[in-house]
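Heads up: the structure comes next, in structure tokens.
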Amino acid sequence: MSKKIKKEQSQVNRKLELKKETADYIDIMIRQAEKGPSGFWTEDYEGCGNPKIFPEFNEGLEHGRLIQKKHFLCPWNAAVLFANGRGNISTGCYHSCSIIDAKYLSTDMIKEVLIKFKKNMLNGYYDNPKEIGPLLTGEMIKFIESAKEAEREAIERREQKEYNQRKQMAKKLLERFSDDKNAQQFIVAHYGGKTVNSSEYGMIDFSPESKDDVVGAENMSYDDYLEVQIRTVKKCRIDFQNCFYNTPMEFKGCIEKKNSKRVCFERIFVTGMFSSGFEMFDGKEDHVWMDIKGFEDLEVGDCVSFFAEVYRYIKTSNGKVIDFGLRNPKGIKRIEKYELPTDEELMRQSIDRIICDSCYLNEMCSGADCIRNSKEL
């Protein structure tokens, strides 16, 4: 027997083995159809492997590990399920999946689909198909669409109910913004939620518990807390705010003043990382006061690098403002003055970031070295 024939026979045998394995899994799915449909793999994609049917998928969902069952073809492949151009067998189940639609099917419908799929597969219907007939009947497709519409309506009713509840809870605060419809809409959309939202008013923290971390806000009501943020957040130290809601990496500064209790930095230069973990940012804040602890041995004119906790506090020098400061410095080191960037250097960095973000080569660039023509830049 030639090598070519042996290879072809090996491929045929492997295909038969895969079909047998797939058929065994399908039988398990049929027997447990009341638990919904299941695919053959999961990592952190909850739409596929159903742990109610195959408990081993729990590990993939909980820890983001790839748990996969070898299979010939998945019945929930969009091309197999609908056969109307919605998917393609050759792209694989991940890129052509309709299990989300299958989850609307009744138990009897799931059984019917799986039995038909198993028969087609074992008969070689999906081996080299030019055209594939759908597993779903017209009645099943209408059932899915009807279930989806009912779900959408239920979601809209729930969201409207929650909106009305928030509006009622925020009634007194909304009266304070009677002349600002945008602020009213913003407040109702997020009132009482454990979220931080970016808006035309800046970064607003709606979590009721977050007020407890603001120094000086102990006697402030939740409504007062939100009002102060919305009215004054743009007056705060924006670069420290950026650190507070992301990850500060390092602070650098030059001591301008010093007394027995506090030290003032002429400028604090900030280096941080956005919460996505893929992009860094720089910034600066001028005339920053900190507690003297940790800086006792330093003199006016000394430049230092350090790490510190960013915190929020109520500033009352010109009306109430929630501002950001630094405390509990660690890793304090003297540095040379030239290491602190000037305003011009910071501006240049900002311009470079704008150029990078809007560059047509952005998706092909590593971000380390610019690949554009220098004259073009």
Would you say [X] and [Y] make side-chain contact, with heavy atoms under 4.5 Å?
X: Phe82; Y: Ile132; value: no
X: Arg312; Y: Ser210; value: yes
X: Tyr25; Y: Cys74; value: no
X: Leu298; Y: Val263; value: no

Residue that, paired with Phe324, satisfies ring pair (Phe, Tyr, Trp, His ring centres under 6.0 Å) out of Phe244, Tyr311, Tyr313, Phe240: Phe244
Picking from Tyr225, Phe206, Tyr222, Tyr163, what satisfies ring pair (Phe, Tyr, Trp, His ring centres under 6.0 Å) with Tyr191?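 One option only clears the test, and that one is Tyr222.
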Give the C-alpha distance, both sets of side-chain angles, the deciding distance and a yes or no for side chain to side chain donor-acceptor pair (under 3.5 Å) between Tyr126 and Asn120. CA-CA 7 Å; Tyr126 301 117; Asn120 286 348; 3.2 Å; yes
So does [X] pair up with [Y], basic N to acidic O under 4.0 Å?
X: Asp24; Y: Lys20; answer: yes
X: Asp127; Y: Lys19; answer: yes
X: Lys171; Y: Asp223; answer: no
X: Arg152; Y: Glu149; answer: yes
X: Arg237; Y: Asp239; answer: no
X: Lys148; Y: Asp101; answer: yes

Is Leu326 linked to Tyr245 within one hydrophobic cluster, defined over Ile, Leu, Val, Met, Phe, Trp and Tyr using a side-chain heavy-atom separation of less than 4.5 Å?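 Yes, because Leu326 and Tyr245 connect within a single hydrophobic cluster, where side-chain heavy atoms sit under 4.5 Å apart.
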Just jot down the side-chain contact (heavy atoms from CB on, under 4.5 Å) partners of Ala217, sequence neighbours excluded, or say none.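 Testing Ala217 for side-chain contact (heavy atoms from CB on, under 4.5 Å), a comparison that skips the adjacent residues, returns Lys211, Val214, Met220, Ile314.
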Please enumerate all residues that pass side-chain contact (heavy atoms from CB on, under 4.5 Å) together with Arg14, with sequence neighbours excluded. Glu17, Leu18, Glu21, Lys70
Verdict with supporting geometry, Asn164 and Gln160, side chain to side chain donor-acceptor pair (under 3.5 Å): CA-CA 6 Å; Asn164 292 337; Gln160 185 61 49; 3.1 Å; yes
Using only atom types and a distance under 3.5 Å, with no angle test, would you say the side chain of [X] pairs donor to acceptor with the backbone of [Y]?
X: Ser38; Y: Asn50; result: yes
X: Asn246; Y: Ser275; result: yes
X: Glu285; Y: Ile238; result: yes

Quick check on [X]: does its [atom1] atom have over 12 non-hydrogen neighbours (other residues, nucleotides or ligands) under 6.0 Å away?
X: Asp212; atom1: CG; answer: yes
X: Lys167; atom1: NZ; answer: no
X: Lys69; atom1: NZ; answer: yes
X: Glu139; atom1: CD; answer: no

Under 6.0 Å from the six-membered ring centre of Phe177 and within 45° of its axis: does the NZ or CZ of Arg231 meet both? yes
Please assess Phe274 against Phe281 for the test ring-ring contact (aromatic ring centres under 6.0 Å, His included), listing each intermediate value before the final yes or no. CA-CA 7 Å; Phe274 288 112; Phe281 62 85; 4.8 Å; yes
Taking it one step at a time, do Phe295 and Phe306 satisfy ring-ring contact (aromatic ring centres under 6.0 Å, His included)? CA-CA 10 Å; Phe295 302 109; Phe306 59 95; 5.6 Å; yes
